[in-house]
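Right, one structure below, let's go through it.
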Amino acid sequence: MDRDYPNHLALSHHIAAPARRFYEGEMASPPVVRFAPSPTGRIHIGNARTALLNWLFARRRNGTFILRFDDTDPERSKAEYADAIEADLKWLGITPDLVRRQSERMAAYDEAAARLRALGRLYAAYETADELDRRRKRQQALGRPPIYDRAALRLSEAERAALEASGRKPHWRFLLEPSIVRWDDAVRGESHIDCASLSDPVLRREDGTYLYTLPSVVDDIDFGITHVIRGEDHVTNTAVQIQIFEALAGAAPRFGHHNLLTDAGGGGLSKRAGALSIASLRAKGIESLAVAALAVLVGSAEAVRPVDSLDELAGLVDPSHLSHGAARFDEAELEALSARTLHRLPYAAVADRLAALGVAGPKAEALWLAVRGNLSRLDDAAIWREVVEGEVAPIVEDADFLKLAVSCAPEGPWDQSTWGAWTTRLKELTGRKGRALFHPLRLALTGREAGPELAVLLPLMGRARALARLSGQSV
RNA sequence: GCGCCCAUCGUCUAGCGGUCCAGGACGCCGCCCUUUCACGGCGGAAACGCGGGUUCGAUCCCCGCUGGGCGCGCCA
C-alpha cells in the first residue's frame, strides 16, 4: 500500500489494526469482509447467498463483517430498502459488525478521483449517453465488441475548449492499461481478464456523482477489506477494480467469486426475485436456518442438510468447495429442509417463538418434543396446543366404536403406555386392526387425519378431554 | 455478435489416466418401527451431453459441437 496514502478515512477503533493489511498468501490475521447491496429493493435468495458466504467466512475466522450500502445512485436508493435489508439479514441471523453508507463518503471519493487524475488515469470524456448508446449499437451491428474508442483522448485543446464553451460537462473515465490482469480467485483458482477487451469504465458522472466502481474500491481500501466474496457476475469488474486498487493502494484484496443460483427451471434468478425474496420465505413460515443452509450448501461439495446453528453451518462452508457452474435453487427442496430443520430443534432454541404462539408453561417442552417431528412449519405447533389443551371439534366416523372406546378407557393418570393398552383391549373386543382401529380414534381425539403419535399426545391431552371428544363433545 | 465460466444419477455434487460395471446427500420406490397418517431406521432403482483426437488405457488431458450461466451501462 502506498505510504503516502492518507489514513484518516480508515476505520479506526472499530476494527483491529492487523485487519487493515491486505491478503498476503496464507491468512495471518482475521479477515475483514463486506456485503454491499444497493438499497434499491429487498434481498432475495441470491443476495442472501452472498451475504451468508461472507458472514460465515468471517465468523469462522473471527473476522469482521461490514454491511455497506452502495447507495451512490440517489435516484434509486431508498432508506426504507436499507432498513428492510438489515431486517432481512437479521432474520437470517446476520448482525453486521459495522454498517456504512457510501452516500456519506463523497469526500473520500473526491480525493481518490483527484489522485487518479494526477496519476493520469482519469480523463474527461464529452460524449452524451445517447451518442455512446448509438455507437455501441453500431459496433454490435458490425460484429465488433462494444468497446469505448477513447475518442476523448484524441480531442485537441481547441476542440475541448469548444465543447466546454458550448456548455458540455464531461464525465470521467478510468484509463485502463491494456494488460491481462490475473488473480488467484478463492473460489475459481487462477483467473484472468484481458483488459484490452474492456471499455474504460466511467467512474464519475457529468453531474459529479459516482458510479459503483470507484466508491467500491475506495471503501474496500479504507475499510481494510481483505476478501471480496461476491457473485460471479462481478468477474469482469474484477480486472478493472484490480487496476484501480493498484493505482490507489498498490495492492488488491483477495477475490472470491461464487457461482450463481438459478431457479428450479434453470433460468436466471433475478427474474423471479420477488418470489424468492427473503421476506416472502419468512412469510411462508420457512425456517431461517434452513434458508441459510440451503443458500450456501447448494452448489457446494457439501451435502445439503439441516443444521442446528449458523456456527455449525460456518464449519461446512469453504469458498474453495463451491462449484463453478450455476446451481439450481429449488423452493420445494427448501420446504423439505425447513421441515427437517424443525424436527431436530431443541426446545430452548424455539421457546421464545413458541411462547409468542401461546405455547408456554410447564407442558410446553413436552408438547414441543411430542409434536416437532410432525411439523412442517413451527406455527403449526399452535394447532397441537389446541388439540392438547384447547378446544377441538371431534369428527365422529363410527359412533358405536367410539362409545365402546369410552367404556373401556383405562383409569388415570395416563402415561405413554396408556394408548397401547387401550387399543389392544379395543382390538380384542372388536377384532379391528390397522386403519379401522386407529383412524376413527385419531379423528375423534384430534379432529384431524394426521398428526404425531397418539401415544405421546394422549397423556398431554388428559383423560377427561379425551373421553369427552370420543363422546362427540367439542372440548 | 464478442469475451469469461460450466457440463457426472430427477436435483446438489465426489471423482483430479488404471483404485469407477462411478461414491455421498435430497427426492423417488420398498421394508421395518406399528395392528393407522406422519416422524425415524434400513435397503433399492437411478448418471459420466455428442463427435474427434492423445494414450497400452479415458468420467478424468486436448480440439470441435451442442446445451447452460454470466458479462459487454453516465446500473450495482
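Just so it is clear, the structure is predicted and the values come from calculations on it, not from any experiment. Letters A, B, ... are given to chains in the order of the sequence lines, protein chains preceding strands, and every chain is numbered from 1.
For A/Phe329 and A/His44, the ring centers sit 6.0 Å or farther from each other. Ring centroid separation for the pair A/Trp422 and A/Trp414 comes in under the 6.0 Å cut-off.
Put simply, CG on A/Leu176 is 13 Å from C1' on B/C72, counting in whole angstrom units. In this entry the distance linking CD of A/Glu127 with P of B/G73 reads 14 Å, nearest Å. The interatomic distance linking A/Leu261 (CG) with B/U11 (P) rounds to 15 Å, in whole Å. Put simply, CG on A/Asp233 is 12 Å from C1' on B/C75, counting in whole angstrom units. Between the CG atom of A/Leu214 and the C1' atom of B/C74 there is a distance of 14 Å, given to the nearest Å. Atom pair A/Glu75:CD and B/G73:P shows a separation of 21 Å (rounding to whole Å applied). Counting to the nearest Å, the P atom of B/G73 and the CZ atom of A/Arg134 are 16 Å from each other. Here B/G3 presents its P atom at 15 Å from CD of A/Gln139, a figure rounded to the nearest Å.
Taking atom P in both B/G44 and B/A7, the straight-line distance is 29 Å, to the nearest Å. B/A46 and B/U34 are spaced 30 Å apart, taking the C1' atom of each and rounding to whole Å. Taking atom P on both nucleotides, B/G41 is separated from B/A14 by 25 Å, rounded to a whole Å. Taking atom P in both B/G53 and B/U19, one finds a spacing of 23 Å when rounded to whole Å. Across B/G52 and B/C16, the matching P atoms stand 27 Å from one another, rounded to whole Å. On the P atoms, B/U13 is 15 Å away from B/G69, given to the nearest whole Å. Separation of the C1' atoms belonging to B/A47 and B/C12 is 13 Å when rounded to the nearest angstrom. Only the C1' atoms considered, B/C61 is 8 Å distant from B/G17, to the nearest whole Å.
Nucleotide B/A25 forms a Watson-Crick or G-U wobble pair with B/U11, both donor-acceptor distances falling under 3.5 Å. With a cut-off of 3.5 Å on both pairing distances, B/A58 has no Watson-Crick or G-U wobble partner at all. Figure legend. B/C2 is base-paired to B/G71; pairs are counted as Watson-Crick or G-U wobble with both atom distances under 3.5 Å. In this entry B/C50 has B/G64 as its Watson-Crick or G-U wobble partner, both defining distances falling under 3.5 Å. In this structure, B/U34 makes no Watson-Crick or G-U wobble pair, since no nucleotide meets both defining distances under 3.5 angstrom.
Partners of A/Ile395 according to the side chain to side chain contact (heavy atoms under 4.5 Å, CB included) rule, which considers only residues two or more places apart in sequence or in another chain, are A/Leu443. A/Asp330 is linked by a salt bridge (charged side-chain N to carboxylate O under 4.0 Å, His left out) to nothing, counting only residues two or more places apart in sequence or in another chain. A search for side-chain hydrogen bond (donor to acceptor under 3.5 Å, both in side chains) contacts involving A/Gln102 returns A/Asp70, A/Asp219, not counting sequence neighbours.
Residue contacts shown for A/His234 include a base, since a base heavy atom lies under 4.0 Å away. Residue contacts shown for A/Arg188 are limited to sugar-phosphate atoms, with no base heavy atom under 4.0 Å away. Across all strands shown, A/Ile147 has no heavy atoms under 4.0 Å from either base or sugar-phosphate atoms. No engagement by A/Arg448 is indicated, since no non-hydrogen atom pair under 4.0 Å with the nucleic acid exists.
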Requested in this report: Evaluate side-chain contact (heavy atoms from CB on, under 4.5 Å) for A/Trp368 paired with A/Val350, printing each intermediate quantity in order.
Outcome: CA-CA 9 Å; A/Trp368 172 249; A/Val350 292; 3.6 Å; yes

Query raised in the report: Run the side-chain hydrogen bond (donor to acceptor under 3.5 Å, both in side chains) check on A/Ser417 and A/Asp415 step by step: do they pass?
Result: CA-CA 5 Å; A/Ser417 68; A/Asp415 60 26; 2.6 Å; yes

Donor-acceptor list for residues 382-389 of chain A side chains, cut-off 3.5 Å, not counting sequence neighbours:
{"residue": "A/Glu386", "atom": "OE1", "partner": "A/Glu391", "partner atom": "N", "Å": "3.3"}

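Position along RNA chain B of the nearest nucleotide to A/Ala327 versus A/Ile193 favours A/Ile193 as the more 5'-ward residue. Between A/Gln102 and A/Arg328, the one whose closest nucleotide on RNA chain B sits nearer the 5' end is A/Arg328.
For A/Gln140, the listed nucleotide lying nearest its side chain is B/G1; candidates were B/G1, B/G71, B/A76. Among the nucleotides B/C70, B/C74, B/A76, the one closest to any side-chain atom of A/Tyr212 is B/A76.
Judged by distance alone, the side chain of A/His324 and the main-chain N or O of A/Val187 form a donor-acceptor pair under 3.5 Å. At distances below 3.5 Å, at least one donor-acceptor pair connects side-chain atoms of A/His343 with backbone N or O atoms of A/Leu375.
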Report task. At under 4.0 Å between heavy atoms, which parts of nucleotides 23-42 of chain B does protein reach? Answer with one letter per nucleotide, 5' to 3': B base, S sugar-phosphate only, - none. Result -> --SS--------BBBBS---

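Interface remark: the A/Asn237 side chain does form a donor-acceptor pair with the B/A76 base, using a distance-only criterion of under 3.5 Å. Between the side chain of A/His324 and the base of B/C6 there is no donor-acceptor pair of N/O atoms closer than 3.5 Å.
Screening A/Arg136, A/Arg168, A/Arg138 for a salt bridge (charged side-chain N to carboxylate O under 4.0 Å, His left out) with A/Glu131, the sole residue that qualifies is A/Arg168.
For A/Arg377, the CZ atom sits in a packed shell: over 12 heavy atoms of surrounding residues, nucleotides or ligands are nearer than 6.0 Å.
Sorted by residue number, the members of residues 195-209 of chain A with any non-hydrogen atom under 4.0 Å from RNA chain B read A/Val202, A/Arg205, A/Glu206.
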